[in-house]
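In what follows, chains carry the letters A, B, and so on, assigned in the order in which the sequence lines appear, proteins first and then strands, with residues in each chain numbered from 1. Note: hydrogens, waters and symmetry copies are ignored here, and every other heavy atom, side chains too, is used.
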There are 2 protein chains.
Amino acid sequence: MENSLSLTEENYIKAIFQIGTTPESNVSTNALADSLQTKPATVSDMIKKLSHKKLIFYEKYKGVTLSASGAKEALKIIRKHRLWEAFLVNHLNFKWDQVHEIAEQLEHIKSSELVNRLDDFLGNPTIDPHGDPIPDANGQVQLGPSKLLSEMTSYENGIIVGVKNEDPLLLQHLDKINIRLGLHIEVTEVNDFDQSMQVKLADLGTLFLSEKITSQILIAKNL
Amino acid sequence: MENSLSLTEENYIKAIFQIGTTPESNVSTNALADSLQTKPATVSDMIKKLSHKKLIFYEKYKGVTLSASGAKEALKIIRKHRLWEAFLVNHLNFKWDQVHEIAEQLEHIKSSELVNRLDDFLGNPTIDPHGDPIPDANGQVQLGPSKLLSEMTSYENGIIVGVKNEDPLLLQHLDKINIRLGLHIEVTEVNDFDQSMQVKLADLGTLFLSEKITSQILIAKNL
DNA sequence: TTAAATTTTTAGACTAATCTAAAAATTAAT
DNA sequence: ATTAATTTTTAGATTAGTCTAAAAATTTAA
Ligand SMILES: [Mn+2]
Ligand SMILES: [Mn+2]
Ligand SMILES: [Mn+2]
Ligand SMILES: [Mn+2]
């Protein structure tokens, strides 16, 4: 048996899951090195180990994909990360831009009993503070269809359901201009030159947004 | 600067704190090896490192004591451990015999902001689920005077305020015989031969307790 | 379709934490 | 006060994770 991944192995598995757009898409050594802030040589070594443990499929020079058991592990880690983020924001009054780093540590705490009790304590939330879906105990995620604000055109509208990225500076900026999850939003104008947008927010009136921001905001038709 | 202890260093510092009865008493290499489930040779190496970092005072063959900064670190870890135990029992409905192992992991999460918010969320408790005092943000502990039940004699009485040890089997047994923190207890008889006792508990009537148990229960005169 | 650029892997080395076996120091017993 | 037992330290290895530098494979461009 000798199961149980090391903290480092968990971080690799999670990074592979998050970089791979589809479960089949191969994740490159360099992409992994970038994401994990380490060197390609280090990644090469580690993917050999993970491959040996059957957590990933690996062909030399071809990148890696997660196996079924690898994906299951990834979802467990992501579930923990997002549940802890929900706890930090909803019960300890952290702001949404302050929780990611702490959750990076908490996601490695090993106790399925703890995760499931935390889930219940939080009321079995389906999304985390950034709008990302929280996998259930079986690793199932249900997320409604959504698209990037930057992909919408004039007169299109919907509800802000998430942000693509948890960079604290982005999140703080969104706070400052009063953009938060759940708001109704309508595109009033798109500037062809730089893809900047004018939008109308429920109550809060009109706002100009650069493409740098619109490409980070997820919109759904309704809840 | 380059502060921040590794998980292993934290465990050594905490063990030294908990083994040393008084802050001055030297802790031996073997005692540390026992407590940390490692080998004396390993301990010898590590105490050299901790000594170099000025967290402990060390003289070859003479054992170690914590420096002021070492003791401060130890109290920070113990504070976290006990706050998390309180969270697990009071909010996630764990039993008092189930939380120690999980707290051993949570105590290493690094974020003073998190600890202090958790403290507030819990209502700034002064004791953990086992009756152990929780140091405040400055490392101050206030614990009333208490003594072991095994040190009491006939007709002495007081309130159960803690257990010396977090062995799940002990804690489960105490649950089974309805002994819990806060109960008033009176010694009715002490058997000279084996130090077993007859005690009277508020409401719950008379109980026989072996020395093995009475030596683990802490009693105070009143809250 | 060769050559250049890029990506990936290998080789060799380092640190933290651990171990076993053996040597040295201390403590306890004759 | 010697000797014996115990404790502690040193010496030498091992494993996980990391690095730099160099070699090999793949991809891109001329
Ligand atoms: Mn996050
Ligand atoms: Mn999130
Ligand atoms: Mn504990
Ligand atoms: Mn405790």
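As rounded to whole Å, 15 Å separates atom P of C/dT7 from atom CD1 of A/I47. Put simply, NZ on B/K48 is 15 Å from P on C/dT18, counting in whole angstrom units. The distance from atom CG of A/N11 to atom C1' of D/dA16 is 14 Å, rounded to the nearest whole Å. Rounded to a whole Å, the CE atom of B/M46 is 16 Å from the C1' atom of D/dT9. One can place CG of B/D45 at 14 Å from P of C/dT15, the figure rounded to the nearest angstrom. A straight line from CG of A/N26 to C1' of C/dT7 spans 14 Å, rounded to a whole angstrom.
Residue contacts shown for A/S44 include a base, since a base heavy atom lies under 4.0 Å away.
Partners of B/N93 by side chain to side chain donor-acceptor pair (under 3.5 Å), not counting sequence neighbours: none found. With sequence neighbours excluded, the residues forming a salt bridge (charged side-chain N to carboxylate O under 4.0 Å, His left out) with A/K76 are A/E73, listed by chain and number. Residues passing the side chain to side chain donor-acceptor pair (under 3.5 Å) test with A/D167: none are found, sequence neighbours excluded. Take B/H130 and apply the ring pair (Phe, Tyr, Trp, His ring centres under 6.0 Å) test, not counting sequence neighbours, and it matches no residue. Listed by chain and number, the residues in a side chain to side chain donor-acceptor pair (under 3.5 Å) with B/Q195 amount to none (sequence neighbours excluded). Applying the side-chain contact (heavy atoms from CB on, under 4.5 Å) rule to B/S154 yields the partners B/V190; only residues at least two apart in sequence or on another chain are considered.
Heavy atoms of other residues, nucleotides or ligands lying less than 6.0 angstrom from CD of A/Q142 number 12 at most.
Distances shorter than 4.0 Å separate some side-chain N or O of A/T42 from OP1 or OP2 on D/dC19. Look at A/T29 and you'll find a side-chain N or O under 4.0 angstrom from OP1 or OP2 of C/dT9.
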Please set out all donor-acceptor pairs under 3.5 angstrom arising from side-chain atoms of residues 36-43 of chain A, sequence neighbours excluded.
none

Using a 3.5 Å cut-off and no angle test, enumerate the donor-acceptor pairs between side-chain atoms of residues 133-140 of chain A and protein atoms at least two apart in sequence or in another chain.
residue, atom, partner, partner atom, Å
A/D136, OD1, A/N138, N, 2.7
A/D136, OD1, A/G139, N, 3.1
A/D136, OD1, A/Q140, N, 3.0

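Screening residues 3-27 of chain A for salt bridge (charged side-chain N to carboxylate O under 4.0 Å, His left out), with sequence neighbours left out, gives A/E9-A/K49, A/E9-A/K53, A/E10-A/K110, A/K14-A/E104, A/K14-A/E107.
Residues from residues 31-40 of chain B that place a heavy atom under 4.0 Å from any atom of DNA chain C, listed by number: B/T38, B/K39. Within residues 55-67 of chain A, the residues that place at least one heavy atom under 4.0 Å from DNA chain C are, in residue-number order, A/Y58, A/K60, A/Y61.
Aromatic ring centres of A/F87 and A/F94 lie farther apart than the 6.0 Å criterion allows.
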Could you list, one pair per line, each protein nitrogen or oxygen that sits under 3.5 Å from a nitrogen or oxygen of nucleotides 3-6 of chain C, together with the distance?
none

